[in-house]
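The model shown is predicted, which means the values in this text are computed figures rather than measured ones. Below, chain A is the first sequence line, B the second, and so on; all start at residue 1.
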2 protein chains.
Amino acid sequence: MLTIKDVAKKSGFSVATVSAVVNGLPVVSPKAKEQIQSAIKELGYRPNRVARSLKNSKTSSLAMIVRDVTNPFYPEVIMGFEDVAWSNNYEVFLCNTENNPEREKKYIDNLIGRRVDGVVIATSFIQRENHYDRLLENGIPYVFLNRRPEQLLDHEYFVGSDNAAASEKAVLHLTELGYKDILYMSGPLNLYTFKKRYEGFLRTMDKMGLPVGEDRILFSSDFMEKSGSEHAKRILGYEKMPEAIFCSNDLLAFGVHQTFKEAGMRIPEDVALIGLDNNRYSHLIDLSTVEPQNNQMGRKAGEVLLGLLKIKDVIAHEQKEIILEPRLIIRKSSGADARS
Amino acid sequence: MLTIKDVAKKSGFSVATVSAVVNGLPVVSPKAKEQIQSAIKELGYRPNRVARSLKNSKTSSLAMIVRDVTNPFYPEVIMGFEDVAWSNNYEVFLCNTENNPEREKKYIDNLIGRRVDGVVIATSFIQRENHYDRLLENGIPYVFLNRRPEQLLDHEYFVGSDNAAASEKAVLHLTELGYKDILYMSGPLNLYTFKKRYEGFLRTMDKMGLPVGEDRILFSSDFMEKSGSEHAKRILGYEKMPEAIFCSNDLLAFGVHQTFKEAGMRIPEDVALIGLDNNRYSHLIDLSTVEPQNNQMGRKAGEVLLGLLKIKDVIAHEQKEIILEPRLIIRKSSGADARS
DNA sequence: AGTTTCATTCTAAACGATTAGATTTCTAAA
DNA sequence: TTTAGAAATCTAATCGTTTAGAATGAAACT
């Protein structure tokens, strides 16, 4: 494999001069520059970034830690993040924890060993995992994405969507359409996003002066369709059905939709339905929902991280938290057509 | 940042001995081992993998190049690949080309510079991109995933799904249900998968002795829902509707489903529908389809690559092509309930 | 005691770049 | 023709590991 020495030998200049032209330093004569460049081209030389990284202790690589790429939330986020990384000449490691804290810990250790320049953590539970400290100790900046610990330490940053506002938008949409008896289906409250969504729901219902009956809030230990289906079956057994159902995420809504359809219930005629996430396929079942701007979240996380690395062209955000405003997406499932 | 020298100093041994215990070489005395290990723990030392990579010219990193993470095909593949990489102590770079050959080329150059140990290419058009040569020149093995150039060179490998067989399964399923007039909706033929699916369709119809009318094959320049919708509108204008529609991928089928539903057509009563891909959300519209085993594809690609790197515990496949057998998934859209 | 053997441990040279600081070459004024 | 000063280039140290091969010391054998 070719090294800088080969280029030096071929072009008749020293490695220092070759290095200078490779790095575009303005101290070389036009003649040298030309000869060296043609030697590089002729040999097909590519600088070894490993050696370079060792010398200037900077790897130009970032990492994104996710729970499960397969969760439809992530691809958009990854896309956004990867794109800003790419534009700034960074490569990105994708780390999938499969929701296993041990694996997350090991991944973080590996990333430290690799001396990545920064990492985005898009996995965390509310309780702080102590292995984030190790990143700090090793001077590697990190930003939380979407979920975060309750308390941000001095060096910690957060990019997310305003989950409480998302709930608020969903509820207001329903109340504007005249629904009063609204059931809320929650995901696990130990996840930051679901906690906020839950709070947003309660707050808005309260603000609207609407009571929330005891059986009008259902909790799940996950946020998958299956849980949605199971809850839907429970709801079908209710004496009095709610007028509208607000699912804290679209997957739950998918499950509800499926089960209701099988049971012969019509949406929105018999019961209105709204989700939250704007899953890539939500339009297939005409699900009204709220869009948290996943791609933007990824992009912002990238920008904050690069800002922390003092990359030119990227303004370091002095804000510790960047909260994106979600957008309401109105489709048929909420009954806007019928009622407006 | 801590180095091996710090550990050497602290423990009173030389860097060579420290290195030996870090790497678990069986040449150190128990006493040395113990003292060094406790020094490591106390300091919180982590070997610098960059330096290590430089020395033994091996980075323990792989890359996966994809067109668009957001395409629902990829997450499963990535998941599978990442998992076998992880189990073998490799990290993976995710490279998104956004379907831009220039970007792919630049990515490959970057990866060479980074001296990744191997790469999975899950993007390629049928015509060979000459920048793959550069990987070979630099001794970096690569395997094609899902799509491949017509001709595999000596050093090239391929992992994919049997797309022709997938079409065959779909068609046979339809013919077994008694459908004879089947319309085929194709994706772009310059993509390997769609070419094979198309061939499989023609071959099977021929084998069954079924004629394929001129207006019973529709081509699209992409494979998105929108194209499916547009074709569906065209079909609605036909004098004679087909009995069944076989879409070369689920996204197209989503479009057809949507448009037909809006037009008041019933599936499968008025026309049967089957897709190909088993998209994560296909069950939402009860779409019968064929499942190409994406996760397995990712896993296999990882195994082949690691095999090429002569990793222990992974048998290097001497096969140049690994073709996974797709599975038929029967749901309501093909009318199996009604007709069986 | 003097050798030989063996198990440990160490010294120092890589790996392929970057970069101070030294050295050479060039330019132009005296 | 000299020579100061600038411009171009070079030498060599360095980044943090790994790993030959040398050195050390203890045990075992004459």
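- Put simply, the side chain of B:Met297 reaches to within 4.5 Å of the side chain of B:Pro292, judged on heavy atoms.
- B:Thr3 comes within 4.0 angstrom of sugar-phosphate atoms only, judged by non-hydrogen atoms across all strands, and of no base.
- What separates CZ of B:Arg115 from P of C:dG16 is a distance of 8 Å, to the nearest Å.
- Here the P atom of nucleotide C:dT19 and the CG atom of A:Leu25 are 8 Å apart, to the nearest Å.
- Between the CG atom of B:Asn23 and the P atom of D:dT17 there is a distance of 11 Å, given to the nearest Å.
- To the nearest angstrom, C1' of C:dC15 lies 14 Å from CD1 of A:Ile4.
- Counting heavy atoms from C-beta outward, B:Glu98 and A:Met79 have side chains that approach closer than 4.5 Å.
- A 4.5 Å side-chain heavy-atom check between A:Asn99 and A:Asp68 finds every atom pair outside the cut-off.
- Ring-plane geometry between A:His155 and A:Tyr142 is classed as perpendicular, the angle between the planes exceeding 60 degrees on a 0 to 90 degree scale with a lower cut at 30.
- Annotation: A:Phe144 is not in aromatic contact with A:Tyr192 [ring centroid separation under 6.0 Å not met].
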Using a cutoff of under 3.5 Å, can you pull out all pairs of nitrogen or oxygen atoms linking the protein to nucleotides 9-13 of chain D, with atom names and distances?
residue, atom, partner, partner atom, Å
D:dT9, OP1, A:Ser29, OG, 2.9
D:dT9, OP2, A:Ser29, N, 3.0
D:dT9, OP2, A:Ser29, OG, 3.2
D:dC10, OP2, A:Ser14, N, 2.6
D:dC10, OP2, A:Ser14, OG, 3.0
D:dC10, OP2, A:Thr17, OG1, 2.8

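- As rounded to whole Å, 12 Å separates atom P of D:dC15 from atom CG of B:Asn48.
- In this entry the distance linking CZ of A:Arg46 with P of C:dA17 reads 12 Å, nearest Å.
- Side chain of A:Ala51, nearest nucleotide from C:dT18, C:dG16, D:dT18: C:dG16.
- Rounding to whole angstrom units, NZ of residue B:Lys9 and C1' of D:dG16 are separated by 14 Å.
- When each of C:dG16, C:dT18, D:dT17 is scored by its nearest atom to the side-chain atoms of B:Leu54, the top-ranked nucleotide is C:dG16.
- One atom, CG of B:Asp6, and another, C1' of D:dG16, lie 11 Å apart when rounded to the nearest Å.
- For D:dA4, the paired nucleotide is C:dT27, the pair qualifying as Watson-Crick or G-U wobble because both relevant distances are below 3.5 Å.
- Using a 4.5 Å heavy-atom threshold, the side chains of B:Asn89 and A:Lys106 count as touching.
- In summary, A:Glu91 and A:Arg114 do not engage in a salt bridge, as defined by a charged side-chain N under 4.0 Å from a carboxylate O.
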